[in-house]
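Heads up, the thing below is written out as structure tokens.
Note that the numbering runs from 1 along the sequence shown for the chain.
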Amino acid sequence: MDIMILTIVFIIYIFMLVAVGYYAWKKTNSSEDFMIAGKDTHPAIMALSYGATFISTAAIVGFGGVAGEYGMSVLWLAFLNIIVGIFIAFVFLGKRTRRMGHSLGSLTFPDFLGKRFNSKFIQHASGLIIFCAMPLYAAVVLIGAARFLESSLMLDFGISLFILAVIITLYVFFGGIKGVMYTDALQAVIMVAAMVFLLAFVYWMFGGITPANSALTNMVDLYPASAIAGGGTGWTTFPTAGSPFWWNLVSSTLIGVGIGVLAQPQLVVRFMTVKSDKELNRSVLIGGIFIAIMPTTAYITGALSNVYFFDELGKIAVDVVGNNIDRIIPVFINMALPEWFVYLFLLSLVAAAMSTISSQLHTQGTAFGIDICDSIVKKSKKIIDEITITRIGILIAIILALVLAYSLPGSVIALGTSLFFEICAAAFLPVFLGALYWKRTTKAGAIAGILSGTFVSLFWLLFVFEKTAAGLGLCQYLFGISTLLPAAPWPYIDVMLIAVPISAIFTIVVSLLTKPPAQEVIDKSFEDIDNNKGSGTQ
């Protein structure tokens, strides 16, 4: 690889990021600008930022690797990403979130929940959950980009992690969410360009869509024995219903990520950055096209890499990468694609990582500064502004993510992503829906829902769900068995199918058994919704 060309490409890229970040910094004049971009973000910027935050190296490298091992059944996740992650999220949740958030003057997702239920405890607890859980997600996104730097530049994995972390921290630290969203939009354009070319090239390389997919179908006799034992049936077919593989695909991947996206704090806050429903309506098409291109290309490429590897090396993908599926996409790109495209794809992966991690750092920083520490600082009468506290939180967050990234094992990207999505869904989804649509939801009900969802999800991950319980070893240490419920299908049922219904039950039952919320809180929360204010159609 010509290091000089690559160096020039990256210098240009970093210069563009610095220029955009500087522009955002100059536009950031208040806490509202730093937290929610002054509520006047252009719909295209908002949609591209949402999409770039949603689709990261975790999707491209992590789930692309899952497709390389198990096949195209993971494409159902791309379908859910569009229908649930864009259409339902924007139309049915985004508009109400934007109106209610503006009416309440919310700056963060925990702040939104805290003001909606008139509860500082909810704000603090939600901020703490986000700040403690998100480093895992940030770590796996960092790993995804660092693995490609490692494969492409022969750069040490640890050095790659550190370089990425420093660059991302700088523009989040100074630019706030405006810096994040503007750079997200720039990075989204790079990502789309790379993925459109990748999809076209891959199918061209195999002679077209039908020949490529047929070649993969005909390799069914090479399908991994471990996947067949778990219920897999081939790279282009769905696994056997009720099998461990089916449960993992449906509950962890499709439901966990496909539905769990609705309660992602770093995505929810973007709805509050636009000034009217009209901007959200305009964002749907742009966001939908972006999501349709990004994960679909990654999953197809991951699955079809088996055809290439077998033709060239006589091995399937998992054997080529030594069973570390996080390396399937990086190794395939470096072997199969033109050298100039490796530069572009490397840039797109770095862009994907930066866009997602920057949003994660901003979310963790605001959780620390606004939701956890702000009230404490005010009570102690110390004069520390919100932006300074938030920046301290950002620094702590990136350190935690780096420590985890250095420590986590291989093939962890997809699992780490799923776990974070599911924990957020268990803790927040029923309460978030209740906040938007059910006026009878009480503070006690919301607290019960958040706490029950959090504790049940942690219990299930530590003591029942086989992938995490066996890996962590706490259940084995305490009880002498890897999971407390070894009989199928319990070890394969993911946390979201258990914790979210329990959280919903607690939220509803406790709300019905407790005193209705104060009318003034309801009136304030639903003022713009009931009066149809801010729709952009008046």
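- Residues F428 and F109 meet the side-chain proximity criterion, which asks for heavy atoms closer than 4.5 Å.
- Using a 4.5 Å heavy-atom cutoff, the side chains of Y137 and T417 are in contact.
- Between the side chain of S457 and the backbone N or O of I423, no donor-acceptor pair lies under 3.5 Å.
- Between the R98 side chain and the K275 main chain, a donor and an acceptor come within less than 3.5 Å of each other.
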Show the numbers, then the answer: is there a side-chain contact (heavy atoms from CB on, under 4.5 Å) between V261 and N81? CA-CA 8 Å; V261 65; N81 290 158; 5.8 Å; no
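- The backbone N or O of V431 sits nowhere less than 3.5 Å from a side-chain atom of T507 that would complete a donor-acceptor pair.
- Note that OG of S418 and CG of L254 are 9.5 Å apart. Values are rounded to the nearest 0.5 Å.
- Interatomic distance, CE of M272 versus CG of D111, reported as 7.5 Å (0.5 Å rounding).
- Heavy-atom minimum distance, Q360 versus V141: NE2-CG2, 3.9 Å.
- Taking 4.5 Å as the limit, some side-chain heavy atom of I325 sits within range of a side-chain heavy atom of V318.
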- Task: Could you walk me through whether K443 and N118 pass side-chain contact (heavy atoms from CB on, under 4.5 Å), step by step?
- Result: CA-CA 7 Å; K443 177 171 71 173; N118 194 29; 5.6 Å; no
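- Note: F271 and F90 meet the aromatic proximity criterion, with ring centroids under 6.0 Å apart.
- Once rounded to the nearest 0.5 Å, the distance linking CG of L361 with CD1 of I357 reads 7.0 Å.
- Without hydrogens or angle criteria, S452 side chain to A448 main chain gives a donor-acceptor distance under 3.5 Å.
- Side chains of M191 and F290 form a contact here, defined as non-hydrogen atoms less than 4.5 Å apart.
- Scanning all heavy atoms of the two residues, the minimum distance from T454 to A427 falls at OG1-CB, 3.4 Å.
- Going from atom CG of L280 over to atom CZ of R96 covers 13.5 Å, rounded to the nearest 0.5 Å.
- Among all heavy-atom pairs drawn from A67 and Y299, the shortest one is CB-O, 3.2 Å.
- Of all non-hydrogen atoms in A435 and M100, the two that sit nearest each other are O-CE, 3.4 Å.
- In terms of modelled atom types and a separation under 3.5 Å, the side chain of T356 and the main chain of T53 share a donor-acceptor contact.
- Side chain of Q123 to main chain of I370: a donor-acceptor pair is present (N/O by atom type, distance under 3.5 Å, no hydrogens or angles).
- Taking the side chain as every heavy atom from C-beta outward, I122 and I447 approach each other to under 4.5 Å.
- In this model, no donor atom of one side chain and acceptor atom of the other lie less than 3.5 Å apart for S126 and D371.
- Counting only distance, with no hydrogens or angles, the side chain of S305 and the backbone of G302 share a donor-acceptor pair below 3.5 Å.
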Under the criterion side-chain contact (heavy atoms from CB on, under 4.5 Å), I'd like the reasoning laid out for T468 against L462: C-alpha separation, chi angles, the key distance, then a yes or no. CA-CA 6 Å; T468 51; L462 290 172; over 6 Å; no
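- Of all heavy-atom pairs between V84 and G258, the closest is CG1-O, 3.3 Å.
- Q266 contributes atom CD, which lies 10.5 Å from atom OG1 of T366 (distance to the nearest 0.5 angstrom).
- One distance of note links CG of N334 with CZ of F341; it measures 11.0 Å at 0.5 Å rounding.
- Counting non-hydrogen atoms of neighbouring residues, nucleotides and ligands closer than 6.0 angstrom, the CZ atom of F157 exceeds 12 such neighbours.
- F54 has its side chain within reach of I291: a pair of non-hydrogen atoms, C-beta onward, lies under 4.5 Å apart.
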Q: Starting from the C-alpha separation in whole Å, work towards a yes-or-no answer on side-chain contact (heavy atoms from CB on, under 4.5 Å) for F420 and V140.
A: CA-CA 10 Å; F420 178 74; V140 298; over 6 Å; no
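- Within the 4.5 Å cutoff, no side-chain heavy atoms of V320 are placed close to those of F332.
- Checked by atom type and distance alone, the side chain of S348 pairs as donor or acceptor with a backbone atom of F345 at under 3.5 Å.
- Taking every heavy atom of both residues into account, T296 and A78 meet most closely at OG1-CB, 3.6 Å.
- Put simply, the residue from V66, L249, T253 that forms a side-chain contact (heavy atoms from CB on, under 4.5 Å) with L77 is T253.
- For the pair M195 and I60, the minimum side-chain heavy-atom distance is below 4.5 Å.
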